[in-house]
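Scroll down for the structure; my scribbles are underneath it.
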Amino acid sequence: MTSDDEKFMRRAIALSEKTSLIDSAGGVFGTVIVRDGEIIGEGANRVVAENDPTWHGEIEAIRNACRKVGSFKLTGATLYTSAEPCPMCMAASYWAGIERVFYASTNEDAFKYGDFDDSMIYGELKKPVHDRSIRCEQIMQAEAVEVWKKYKDKADRVPY
């Protein structure tokens with residue numbers, strides 16, 4: 001850990017404190033994204049305030065960073081988050097091309113002190129689709145694939 005890592009993590013923890021204890025907007029989750037020594041995005045959990053289960057600190061920080069740099073890829077960026085990312089936020093980090101993730105508290109800490117428990121989600125993701133608790137059923141594949149075929153041949157398609 002460098003002094004810069006400590007500085008950026010302190011900012012993420014400060015965001016988590018503000019959103020949870022001062023604003024009462026959501027859980028104890030704050031995030032900063034850094035590239036080339038500069039914060040390019042910040043975010044905090046606002047699930048309660050926005051009535052949006054996807055408004056996690058990492059997701060907001062990724063959105064803000066992508067807007068700032070004008071790209072949906074954050075190549076070379078590092079994400080600092082006050083708590084170990086949930087499955088959604090970790091997946092978003094992969095999709096955004098985040099290079100490294102630093103986290104402070106663990107999933108166990110979030111459960112112990114805040115009753116946040118993602119273990120069911122981790123377990124569900126390991127199951128075959130037909131065994132998950134949310135019923136998933138495939139329908140109309142042929143029609144959907146026709147659109148995919150057109151997309152594949154789209155001359156101005158942006159690869160990602």
**OP:** Just do the side chain to side chain contact (heavy atoms under 4.5 Å, CB included) check on F102 and T78 with the steps written out, would you?
**Re:** CA-CA 8 Å; F102 286 96; T78 300; 3.6 Å; yes

Original post:
For L15 and T31, what are the C-alpha separation, side-chain angles and deciding distance, and is it a side chain to side chain contact (heavy atoms under 4.5 Å, CB included)?
Top reply: CA-CA 7 Å; L15 289 167; T31 305; over 6 Å; no

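Residue pairs satisfying the side-chain hydrogen bond (donor to acceptor under 3.5 Å, both in side chains) criterion with at least one member in residues 32-43, sequence neighbours excluded, are listed as follows: R11-E42, E38-K68. Within the structure, the salt bridge (charged side-chain N to carboxylate O under 4.0 Å, His left out) test picks out the following pairs touching residues 134-144 (sequence neighbours left out): R135-E137. For residues 47-67, every residue pair satisfying the salt bridge (charged side-chain N to carboxylate O under 4.0 Å, His left out) rule, not counting sequence neighbours, is listed here: R46-E50. Judged as a salt bridge (charged side-chain N to carboxylate O under 4.0 Å, His left out), the pairs with a partner in residues 119-132 (not counting sequence neighbours) are, in order, E124-K127.
Nearest heavy-atom pair across V48 and G26 is CG2-CA, 4.1 Å. Considering every non-hydrogen atom in both G76 and E99, the closest pair reads CA-OE1, 3.4 Å. In this structure, P85 and V101 approach most closely via the heavy-atom pair CG-CG1, 4.0 Å. Of all heavy-atom pairs between M88 and P53, the closest is CE-O, 4.2 Å. Between S16 and G30, the shortest heavy-atom distance links the atoms CB-N, 3.4 Å.
Contacts of V147 classified as side-chain contact (heavy atoms from CB on, under 4.5 Å), with partners at least two apart in sequence or in another chain: none. The side-chain contact (heavy atoms from CB on, under 4.5 Å) search around T106 returns E84, Y103, E108, D109, not counting sequence neighbours. Listed by chain and number, the residues in a side-chain contact (heavy atoms from CB on, under 4.5 Å) with D118 are C86, P87, I121, Y122 (sequence neighbours excluded). Judged as a salt bridge (charged side-chain N to carboxylate O under 4.0 Å, His left out), and not counting sequence neighbours, the contacts of E6 are R10. T2 meets the side-chain contact (heavy atoms from CB on, under 4.5 Å) test with D4, D5; sequence neighbours excluded. By the salt bridge (charged side-chain N to carboxylate O under 4.0 Å, His left out) test, K152 pairs with no residue at all, sequence neighbours left out.
Hydrophobic cluster membership is shared by I40 and I62, with clusters built from Ile, Leu, Val, Met, Phe, Trp and Tyr side chains linked at under 4.5 angstrom. F8 and M1 fall into different hydrophobic clusters, where Ile, Leu, Val, Met, Phe, Trp and Tyr residues are linked whenever their side-chain heavy atoms come under 4.5 Å apart, directly or through other members. Hydrophobic clustering, with ILVMFWY side chains joined whenever heavy atoms are under 4.5 angstrom apart, groups Y94 together with L79.
Between the CD1 atom in I13 and the OG atom in S82 there is a gap of 7.0 Å [rounded to 0.5 Å]. In this structure, I134 CD1 and C136 SG are separated by 7.0 Å, a value rounded to the nearest 0.5 Å. Atom CD1 of I59 sits about 11.5 Å away from atom CG of N64, to the nearest 0.5 Å. To the nearest 0.5 Å, the span separating CD on Q138 from NE2 on H130 amounts to 13.5 Å.
Put simply, the side chain of N45 gets close to the backbone of V47: a donor and an acceptor are under 3.5 Å apart. The backbone N or O of W95 sits less than 3.5 Å from a side-chain atom of K73, completing a donor-acceptor pair.
Side-chain atoms of V69 and L74, non-hydrogen and from C-beta on, do get closer than 4.5 Å to each other. Side-chain contact check for V158 versus F72: some heavy-atom pair is nearer than 4.5 Å.
F29 belongs to a hydrophobic cluster whose remaining members, ordered by chain and number, are F116; membership requires side-chain heavy atoms of ILVMFWY residues under 4.5 Å apart, directly or through intermediates. With side-chain heavy atoms closer than 4.5 Å counting as contact, directly or through intermediates, L21 stands alone and belongs to no larger hydrophobic cluster.
Within 6.0 Å of atom OH in Y151, more than 12 heavy atoms from other residues, nucleotides or ligands are found, so the atom counts as buried in its surroundings.
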